[in-house]
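For reference, the structure discussed in these notes is given below.
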Amino acid sequence: MKKVGLLGFGIGYSLSPAMHNAAFADHELPWHYHLLDVSPETLQGALSMLRQDPWMGANVTIPFKEAVLPYLDQLSPAAESIGAVNTIVRRKGRLIGENTDYAGFRQDLETLGWLENPGKVLIFGAGGAARAAALALLQESCPVSLLARTPSRAEKFFSSLEPALQSKLDLLPLNPESVRKAAAHAVLVVNATPLGGAALPTKNPWPEVVQPPPSARFYDLTYNPPVTPFLQYARFSGLPASSGLGMLVAQGALSFQLWTGQAPNLILLRAAALLELEEYHASISDSR
Ligand code: NAP
């Protein structure tokens, strides 16, 4: 039985095992997707394990998307520029770092029809996911403002870009004044912070004192809970809003393809993820 897994810390909530194991069964592949819940101290050991049979690779999530970089043999151009890896592929004993968050985010926006009229974008966050979203949007010729508590986290990313893309990227501190400036005429607002996610369910990165841009769409990378305060706020303001479930499915499908060479059924992946999400919420309400 070949193995892949999710490398992270405190990841019992993940929908990825359900999605990938459903796709392996659908393709009749003798593969299994495991949770590799490791502490920062045992990360290096887990990566050594991934170099051996029967491991074929892994997904990587919080808090290791940047921490794995020094242990890998090669990075894809997108992973190198973003400075974060969410997928590892083992080829001939070598570990190759890829970033399917970047292409998965772009693919979901395209499915939503939100790339048809590219324009100004505001992204909350400067971590791996924010940089992946920013690269995808800059390549669509969108001017992007990254607003973050620690904007310097995106400085290396900024330097990695060619001058034409650098001229379209602004790094700003996270405060209402920057939001007001970046939001003027924005067509898309993206939350790439954990605010509103399972650990911070009441938080919204959008400051109450700033009016939302009148024709923007709101995209939250969080998919659990399915409706965050950020999405609630957008819908209450009459604006289109989407969770990150479509991105989760798209990035998972791209990882599956990198490992197995086969394209999984996206409808099956989405159904498996939704079912797991429902079971997760049912188990939480049972335990209350
Ligand atoms: P990360 O590297 O840890 O970056 C998180 C960003 O949020 C950083 O800019 C961080 O600022 C900021 N932040 C954290 N707590 C904050 C707070 N209390 N107030 C203001 N800013 C705060 O994480 P990531 O990998 O980029 O992931 C970000 C989010 O996207 C997570 O919720 C993750 O689950 C989600 N995600 C979803 C998908 C999907 O497929 N849908 C894929 C990837 C990620 P500092 O640098 O100052 O800490």
Side-chain angles (χ1 to χ4, degrees), residues 6-16 19-20 40 59-69 78-79 82-87 98-109 111-112 122-136 145-158 171-176 178-179 190-207 218-231 241-256 266 269-270 273-274 276-277 280:
L6 176 64
L7 206 50
F9 187 40
I11 48 174
Y13 62 85
S14 173
L15 309 182
S16 294
M19 282 199 310
H20 286 285
N59 281 134
V60 186
T61 190
I62 287 178
F64 300 134
K65 285 185 180 180
E66 292 167 42
V68 295
L69 296 183
I82 294 161
V85 159
N86 81 322
T87 304
E98 303 267 358
N99 192 305
T100 68
D101 281 341
Y102 147 79
F105 173 74
R106 195 203 164 281
Q107 206 169 300
D108 196 35
L109 286 192
T111 305
L112 290 164
L122 184 171
I123 299 177
F124 290 107
R131 300 193 301 265
L135 183 63
S145 299
L146 275 185
L147 275 69
R149 197 166 63 171
T150 318
S152 58
R153 275 190 72 182
E155 275 169 8
K156 202 167 161 210
F157 167 63
F158 182 90
L171 305 182
L172 300 169
L174 182 57
N175 60 47
S178 305
V179 175
V190 178
N191 178 24
T193 75
L195 299 180
L200 299 162
T202 61
K203 302 281 187 196
N204 181 358
W206 189 270
F218 276 50
Y219 190 100
D220 200 329
L221 265 63
T222 292
Y223 49 83
N224 186 13
V227 183
T228 59
F230 177 78
L231 296 180
S242 174
S243 84
L245 189 75
M247 173 179 174
L248 177 82
V249 169
Q251 63 77 31
L254 292 163
S255 301
F256 186 95
L266 293 178
L269 289 191
R270 192 177 185 94
L274 281 171
E276 190 66 15
L277 198 54
Y280 172 84

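In listed order, ligands and their atoms are each counted from 1. Here the structure is a predicted model, which is why all the values come from computation and not from measurement. Counting begins at 1 with the first residue of the sequence.
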Checklist entry - Is Arg131 reaching over with its side chain to a backbone N or O of Ile82, donor-acceptor style, under 3.5 angstrom? => result yes

Checklist entry - Hey, is the main chain of Asn59 close enough, under 3.5 Å, to the side chain of Asn86 for a donor-acceptor pair? => result no

Contacts table for ligand 1: protein N or O within a distance under 3.5 Å of ligand N or O, distances only.
from	atom 1	to	atom 2	distance (Å)
ligand 1	2 (O)	Gly128	N	3.4
ligand 1	2 (O)	Arg153	NH2	3.0
ligand 1	9 (O)	Ala126	N	2.8
ligand 1	18 (N)	Arg149	NH1	3.3
ligand 1	26 (O)	Gly128	N	3.3
ligand 1	26 (O)	Ala129	N	2.8
ligand 1	40 (O)	Leu248	N	3.3
ligand 1	41 (N)	Leu221	O	2.8
ligand 1	41 (N)	Gly244	O	3.0
ligand 1	46 (O)	Arg153	NH1	3.0
ligand 1	47 (O)	Arg149	NE	3.0
ligand 1	47 (O)	Thr150	OG1	2.5
ligand 1	48 (O)	Arg149	NH2	2.9

Item to check | Partner set under side-chain hydrogen bond (donor to acceptor under 3.5 Å, both in side chains) for Ser178, not counting sequence neighbours | outcome: Asn175

Next on the checklist: For Arg153, is there an ion pair with Glu66 - N to carboxylate O distance below 4.0 angstrom?
Outcome noted: yes

Checklist outcome for this item: Sequence neighbours excluded, the answer for ring pair (Phe, Tyr, Trp, His ring centres under 6.0 Å) partners of Phe230 is Phe218

Checklist entry - Can you name the ring pair (Phe, Tyr, Trp, His ring centres under 6.0 Å) partners of Phe105, sequence neighbours left out? => result Tyr219

